[in-house]
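Inspection log for the structure reproduced underneath, given as structure tokens.
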Amino acid sequence: MDRVNNFAFKIATANGTGSASANGLIMQAIFRMGVPVTGKNVFPSNIQGLPTWYEIRVNRKGYTARTPDFDLMVAMNPATYQKDVTELRPGGWLVYDSTWPLDDTLVRPDVTSLGIPLAQMVNTAFKGVRERILMKNIAYAGALAGLLDMDAEIIRTLLAEKFSRKPALMDSNRTAIDLGYDYVKTHFPCPLPIRLAAMNETADSILIDGNTAAALGCLYAGATVGAWYPITPATSLMEAFKSFCQKYRVDPESKQNRFAILQAEDELAAVGMVIGASWAGARAFTPTAGPGISLMSEFIGLAYYAEVPAVIFDVQRTGPSTGMPTRTQQGDLMLCAYASHGDTRHICLYPSDPREAFEFAAASFDLAERFQTPVFVLSDLDIGMNDWMVPKLAWDDSYRPDRGKVLSAEELEGVKTFYRYLDVDGDGIAARTLPGISPKGAFFTRGSGHNRFGAYTEDGDEYVEVIDRIDRKIQQASRAVPAPVIRHAPGAKMGLVTIGGCHAACLEAIDILAADGVPLDYLRVRGFPFGADVTRFLEAHDINFIVEQNRDGQLRSLLMLETGVPIERLESVRYYGGFPMSANHVIAGVKAKLERAA
Amino acid sequence: MDRVNNFAFKIATANGTGSASANGLIMQAIFRMGVPVTGKNVFPSNIQGLPTWYEIRVNRKGYTARTPDFDLMVAMNPATYQKDVTELRPGGWLVYDSTWPLDDTLVRPDVTSLGIPLAQMVNTAFKGVRERILMKNIAYAGALAGLLDMDAEIIRTLLAEKFSRKPALMDSNRTAIDLGYDYVKTHFPCPLPIRLAAMNETADSILIDGNTAAALGCLYAGATVGAWYPITPATSLMEAFKSFCQKYRVDPESKQNRFAILQAEDELAAVGMVIGASWAGARAFTPTAGPGISLMSEFIGLAYYAEVPAVIFDVQRTGPSTGMPTRTQQGDLMLCAYASHGDTRHICLYPSDPREAFEFAAASFDLAERFQTPVFVLSDLDIGMNDWMVPKLAWDDSYRPDRGKVLSAEELEGVKTFYRYLDVDGDGIAARTLPGISPKGAFFTRGSGHNRFGAYTEDGDEYVEVIDRIDRKIQQASRAVPAPVIRHAPGAKMGLVTIGGCHAACLEAIDILAADGVPLDYLRVRGFPFGADVTRFLEAHDINFIVEQNRDGQLRSLLMLETGVPIERLESVRYYGGFPMSANHVIAGVKAKLERAA
Amino acid sequence: MSYITKPKVHHPALQQNAIGLTRRDYEGTITTLCAGCGHDSITAAIIQAFWDLSIPPHKVAKLSGIGCSSKTPAYFLREAHGFNSVHGRMPALVAGANAANRDIIYIGISGDGDSLSIGLGQLCHAIRRNVNVLYVLENNGVYGLTKGQFSASADPGSLSKKGEANTMDAIDGCLLALTLGATFVGRGFSGDKAQLVPMIKAGLRHKGFAFLDVISPCVTFNDHEGSTKSYGYTREHNVEVVQADFVPPASAITAEYEPGTVSNVMLHDGSWVRLRKVAADYDPTDRDLAYRHIRDRQKAGEVVTGLLYLSPDSKDLHDQSNTVSTPLTQLPYDTLCPGNDELQKLQKRFR
Amino acid sequence: MSYITKPKVHHPALQQNAIGLTRRDYEGTITTLCAGCGHDSITAAIIQAFWDLSIPPHKVAKLSGIGCSSKTPAYFLREAHGFNSVHGRMPALVAGANAANRDIIYIGISGDGDSLSIGLGQLCHAIRRNVNVLYVLENNGVYGLTKGQFSASADPGSLSKKGEANTMDAIDGCLLALTLGATFVGRGFSGDKAQLVPMIKAGLRHKGFAFLDVISPCVTFNDHEGSTKSYGYTREHNVEVVQADFVPPASAITAEYEPGTVSNVMLHDGSWVRLRKVAADYDPTDRDLAYRHIRDRQKAGEVVTGLLYLSPDSKDLHDQSNTVSTPLTQLPYDTLCPGNDELQKLQKRFR
Ligand SMILES: Cc1ncc(C[n+]2csc(CCOP(=O)(O)OP(=O)(O)O)c2C)c(N)n1
Ligand SMILES: Cc1ncc(C[n+]2csc(CCOP(=O)(O)OP(=O)(O)O)c2C)c(N)n1
Ligand code: SF4
Ligand code: SF4
Ligand SMILES: [Mg+2]
Ligand SMILES: [Mg+2]
């Protein structure tokens, strides 16, 4: 079949060798050629020396999910030669550094080896250890440019943009690119059958990671307080927020900040700061990962019961415990839905890509303030840290924050006596007040038993009245969270239901399965509590394949509990090895179930 | 109907007035008369001055559940007169302190008021504020003795036993008893229709609270390390363990302790100490309540994934957050079953009374070591802190601790190389070793990704192999946890399923409903993961009433998730106001559902 | 900020402060603590201090953790927002609230269990951050609300109500605060209003974290060796009830004495504490001197009281974060959102 | 306890210690830390110390939290049980393990983030409890594993790799330990093996909590002002990649100098640290003197190193709990269970 703009390759290096910039350059060049592209950065949980990979998939149809089989491998890391070479499909190409003889482990009769003396060329061209190491990466980028027929002009432009303020760096990068480029052009038949050809499919898109996008969402929603404790893969969310604030939130005259970012001593403190800031009236958030959610559990229950807004980003990684901090998973679905002891239930949002990470981040603050409760935005390492090709982000300038029921001093003048937990409007949501506004607005917040007037109570009926109202309140939110994405396929009797980042793999799988004669209706949940449409979809299909990335089928569990749809209708399809899900996982899972049924 | 040995009364006082000793005296006297009795201590979350009640139910049939309507009220606390008097059934009796004129709020035409000048009598008989306050309580005990026809001899004996080493105290107590006793005898027609008559129903029973019983379980199971952070209602468990250890675990020669109790700085540290001690080879446990479980969540995930034993007692109280610390609830069922981020699942035991608290406490250590995982024993404030009448505790002296697979130095000599997570026996359980035993036994414990050899890994397949085995391992435990209690009723088509302390109320309700023409089969889950018999029971009944004490029907949720039985078969019956469940709650709940169905 | 003062008819006898409020206006609901609890005396001193300073109650936010001490915010400043949160985590809430609205006057109430055990980490880091709050540690050496276990400030050798001896060194909050670079460190005694009220006022005025350790006897649970008969009595009863539930009626302990002198104060259980008040000429601006003074007296079996250290130049959380002077909660949305045009511009970076 | 020594054929060149083991026998898996990381030098010193003391590796348990530093237990004592646990919670694990088996020699490895931020409370309380462990704080002033955020021991004013200045005072672990009554307090430098090895040995021998703060430069993330070009280079690349992933090749820094003298050590980024070694006649038995000495030199911009304080009478967790000398893990079950007869007797209490 025609492999133009339809192939995948992988670059194997060691952590800390600075290959990220070269890999980014390649991604960007392909993107600029108008060709749909995705990159997955597979890195270890250390700083230097352990194996790291960068996977690039080029797909003219625009499928962005990870694919596990590769047409070309750039094997720069002897430590992983053996494993890397096996991942090549028969007939594929192996690029290696021929400064040294081809290692036996790399020999595979059914693949073409392309040796390039990268180290040698770079060492003659550059002095200084540091520069040599770095330019070797740029050199293989140049080689790939030649082999895959990248637009050399675009690469030149990219370097120009990047090093406009660093001419010296620009020169060395150009030189390195040419080293690789010229070598392959003169030694190999270029381009290879797998090659690029300009298209016009990326003009309205951007390459962005979900943490950066979510940070933009917080910025645009008007969040002013961010509290955090560093943890992979959530760290870059706050770092991005900080850099955006430094650009857009510094008062031009006073040079003072219109934001406060608090690096807490741990996650308990981080979420405490968020609750304190929200209680005082700011839009506040904290990004973390699974271990952080576990540590925040007690505080989350306080915010739920005392009804204080809080926005918490859970950029999920492979659990349990420390697990694999640099691998992805969807393992915190149950935890976030019901976090903390006692009867609790929390609003959750499930973005599927960086664009939704941006939109849901912004929406989470409206929901948290409207419903006066913690809101979780659950993305994962794949969405949060990898560069995704998504439609440009847009912002509706008519947007105004929904602060929910917050009484102003004037409004308070109007009421006879203010009672914090009185359901005046009958919608389960009681009005709150902020400190410092008016003597009439004072109330006492507590995590201990309280009645609808906000007074301490140990009376069973008074206690029940309040927690029952809170339950109604959260149930209301099922209508306010983003509606599920639903797609119907002609003649489909079965459904496929998924969540978050599995989206890309599922869409691709659905097309392939349809072509295979297995049409599937599709639903992706985007918010919790689930709405009636989720129940309807599940009930409308005898079989629903529930696709997710965790061992225990947590999405399926949530669906069972919240919709009451019997388990026979919910067939679980799971992959949880730590890589982003690919279409094969979905297809294999679905087919296995179908065979068992047959 | 005949009210002999079949009535309930309530004593209303203020916290800190020392009424507990008087109330205990009454309970014990009735118990010594051979009459089945239960007491519920309803106390506030403070130390002095707030309302507190003691409820005593006398029931010749041996029903021990709480009953909410009372035949007699001892109203000693003006602050609650109004509320207290309303809880009397029509035709009941009100005992009050007639030192002062009968308060208007206490007047109720349909009840008989019995005024006793308690303060006055006591103030003439005793000097010293402290003694007067305390003896007033003993005086009302004496009055009740007269009104209810308690065996005066038994009371005398009790005082003799109690104050054998404090003659002065004995005298004043006797005097106080007589004050009340003589007064009622001379002023009222004694005994009242509600009265006691000696039986022989308690000879083989004891009056004990669940925390004391659980502490005995830990002592007998050979636990040597206890770590804790004080929290109501779990505090008395460790305090009891400590006093037992001081009695039975001090080396006679050296006077040194065969135990270590560590009061930790918080719950995170407490569970950490337990994990550390278990890892080193001791049987270790920590008692806590909901807030503690939330704080322990991260550590629980570590113990689950690194496979370290740990025993955790959750003496449940009313949540969420601080909630009502001195009220009972079953609100942590879901949390304990799936605590911590990522995919986790934990063994849970659900005692229904102090006797099971004793047995399950002991069993929990065997399970924790056999399955190398955290085990939760979930009781609640009612079981843990109230005195229950239960059959005497017995211990099988042939018991030997099941340490699970722990390799000795000799055994290690036998194996070529020891790998910590290798499933040699194919039962999902890998052998562990203890520090200091042998150079061959060394292994590296980690909460990060590891393969079956115990080595660090970021490889998806190696990671999956280990967590899948752990999943199988925990599933095995469903056959090792205590089997459910099942009772069949002739002609029953429907089932009633419950958990823990609801047991007493359910048994009573089932008898009443059966008499009402609603026969119900009965199942009480006692361990998690549930076994096949639980599924079978649920499937065997079109309708199963799931009776529990929380808002969200957490037992029902667990049953749905783990048995896959459709929700239509699971009708939820809940009471969660903070008091122990009573038969009326169950009956009302069941009838409401039946009417809706009809 | 504009202070709303509310018209009210007052009993003439009740004196009004600069903003026309009486002490009553600074009270809260009535206490549910034991009669004679030191914490109630501290509450009274807090009421006095706020009244003296004529601070509008609704411009104050009072936060606490969990414990008898942490209940007390309910007992003062009815018209201030209160937050009785979770055990040991109040410092984080205050940091967040203060970051959001710097115009509010924050007072945090905690206990020795709340602050020195479960909350120790957060306390230390709030001190480091120099959050602008008056932090009152109501120190009784026990866990009152859970009935008398030792806290980390219990003196070595002291006996618990259950008769066990404490084996560990006490954590001295003031030494700890000094070591962590606290900008305001003081110690008072609940029974010494004359010394306490001015320190509370100074703490409220301080820009930064004002650490105030207040020794506050627990009537009910800090029985020591050689205690009253009631002790033996209650212990006796311990045997047969879930918890000893008798609290002897008692009244608060007071002690007023001169700067530079020592005062021996007898606690409810008959034990003694030796309080040493810093001399009038004591220089509170030298951190190391303060540390040494506390240690020296400690070795002499004395507990130093008074304003022990005050940093000449205190940079609070906002100075360090260089935040705008307007509270973040009051910034108009359009000054926070860059708008869609800018969004389109900045996305060039992502192409 | 009986020590099992295993017969092994060794390269003759490898010297054996008293129990016939070579340094190799005290090594672990190979490091995955950055070339030149200070932590690796500490690992080497630990290996040397254990070898010198001829301690059978399997009689040791090595525990840690989370961080680059906390990974290092994997790199020494292959034959000892290891526990790389959760972030900041290792002190509790050690306390529990030590309570269970007092015969094991415990070494805890932590970082400044692990110990002074998330784990601060646990560290303080382990010190108070005087748990018998050598606690090594591998102190680099940053969060290495999460790529260079400030830790609580970062110097005020220092710049992060991202170019932001730290505004808060550093927590000095030694001052903190002294204030909390630690019974052993020392400070070393990863590059000064001559000073470090003896302190590690002393700490291992100490009965109680031996706190050892070791300054351990982070090659990769503690860049300060005026740093190398590579810095600007990596920052440049920050713009377009998720994280700067270039780590310049470097080698470990060493510094050996005389007692009583000062040594200026240049860190990888060109910044300096002034180390002051305590004089030979320094008296380490006076807690207050130690505190004062550290503070005095601190004001002179120096970091004091050496064995700073050693308590003459240290009562560890077991002394305080009065536990039997046999490890609790080795008590026969029948000495723990009172049996059924006793159970029947004691239940009289409940009738
Ligand atoms: C997470 C958690 N653990 C334990 C408790 C139980 N608890 C309530 S108050 C308290 C100690 C209070 O001691 P302190 O702070 O000294 O206050 P005091 O009552 O002595 O004034 C404890 C342990 C709790 N509420 N939350
Ligand atoms: C609960 C939790 N929060 C956050 C993290 C992420 N994390 C891993 S290491 C680390 C900091 C390590 O710093 P330090 O202890 O100084 O060790 P170093 O890497 O500098 O040696 C953090 C925050 C985590 N693993 N667990
Ligand atoms: S128990 Fe102690 S601290 Fe608590 S209220 Fe009573 S006296 Fe005060
Ligand atoms: S990042 Fe720093 S601390 Fe971590 S391994 Fe590298 S040099 Fe060492
Ligand atoms: Mg206290
Ligand atoms: Mg560090």
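Sequence lines set the chain letters: A, B, ... in the order given, protein chains first and strands last, and positions in each chain run from 1. Here the structure is a predicted model, which means the values were calculated and not measured.
- Using a 4.5 Å cut-off between heavy atoms, D:R129 touches chain C through backbone and side chain atoms alike.
- For the set D:L178, D:D169, D:D319, the count of heavy-atom pairs under 4.5 angstrom toward chain C peaks at D:D169.
- Between C:L180 and D:L176 there is a side-chain heavy-atom pair separated by less than 4.5 Å.
- Both the backbone and the side chain of C:A152 come within contact range of chain D, with heavy atoms under 4.5 Å apart.
- By number of non-hydrogen pairs under 4.5 angstrom with chain C, the leading residue of D:R128, D:K315, D:M168 is D:R128.
- Of the two parts of D:Y291, only the side chain, counted from C-beta on, holds a non-hydrogen atom closer than 4.5 Å to a non-hydrogen atom of chain C.
- Annotation: residues 108-119 of chain C contacts chain D through C:L116, C:S117 [non-hydrogen atoms, separation under 4.5 Å].
- In terms of heavy atoms, D:L120 sits closest to C:C124 at CD2-CB, 3.4 Å.
- The distance from atom OG1 of D:T167 to atom CG of C:L317, rounded to the nearest 0.5 Å, is 8.5 Å.
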